[in-house]
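Each remark here refers to the structure printed beneath this line.
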Amino acid sequence: VMADGDELVIIEVRCRTRPDPVHPLETITRAKCGRIIRATEDLLQGLGLWDQSLRFDVLVMTGDPPAVDVEWHRAAFTRDDVAGARGFRV
């Protein structure tokens with residue numbers, strides 16, 4: 001969790017140290033996004049921040065240190081994506 005200006009950013013991190021035919025971003029299912037969103041909504045409600053501007057990012061790290069590639073996917077998914085209004089966006 002981080003702040004980007006006035007926006008609260010929830011970051012899902014995926015790491016892979018060995019080659020895999022499936023990109024780590026592809027392992028984030030609609031169900032996983034739903035769990036992240038529900039947990040975030042519970043947190044915001046508990047803190048009284050229901051109106052908080054919100055973004056869901058994904059950080060992907062692949063490779064072995066020190067040769068690690070990092071990809072930051074801003075706004076990788078939204079509440080609407082999980083509700084079925086749009087497809088999962090990368």
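Keep in mind it's a predicted model, so treat the numbers as computed, not measured.
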What's the spacing between Asp64 CG and Arg16 CZ if we round to 0.5 Å? 13.0 Å
Quick one, Val1 with Ile11, criterion side chain to side chain contact (heavy atoms under 4.5 Å, CB included). Give me CA distance, side-chain angles, the key distance, then yes/no. CA-CA 6 Å; Val1 178; Ile11 304 169; over 6 Å; no
Linking I/L/V/M/F/W/Y whenever their side-chain heavy atoms sit closer than 4.5 Å, directly or via other members, would Leu49 and Leu54 fall into one cluster? yes
Side-chain heavy-atom pair Thr62, Cys15 within 4.5 angstrom cut-off: no
Side chain to side chain contact (heavy atoms under 4.5 Å, CB included) evaluation trace for Leu59 with Arg14: CA-CA 6 Å; Leu59 184 68; Arg14 293 293 203 211; over 6 Å; no
We want to know whether His73 and Glu12 form a side-chain donor-acceptor pair, criterion being a heavy-atom distance below 3.5 angstrom. no
Starting at NZ of Lys32, measure out to CZ of Phe77 and round the result to the nearest 0.5 Å. 9.0 Å
Rounded to the nearest 0.5 Å, what separates atom OG in Ser53 from atom CG in Asp4? 9.5 Å
Side chain to side chain contact (heavy atoms under 4.5 Å, CB included) assessment of Arg74 paired with Val58: CA-CA 7 Å; Arg74 291 174 53 99; Val58 175; over 6 Å; no
To the nearest 0.5 angstrom, please state how far the CG atom of Leu44 sits from the CG atom of Leu8. 6.0 Å
Shared hydrophobic cluster for Val13 and Ile28 (ILVMFWY, side-chain gaps under 4.5 Å): no
Distance col, row Arg79:CZ vs Glu41:CD, nearest 0.5 angstrom, shows 4.5 Å
About how many Å separate CD1 of Ile37 and CG of Asp80, when rounded to the nearest 0.5 Å? 9.0 Å
Does atom CG of Asp6 have more than 12 heavy-atom neighbours, drawn from other residues, nucleotides or ligands, at distances under 6.0 Å? no
Kindly give the heavy-atom pair with the smallest separation between Glu26 and Val22, and that separation in Å. CB-CG1, 3.9 Å
Passing candidate, side chain to side chain contact (heavy atoms under 4.5 Å, CB included) with Phe56, options Thr78, Thr40, Val9: Thr40
Going hydrophobic residue to hydrophobic residue with side-chain gaps under 4.5 angstrom, can you get from Val68 over to Val60? no
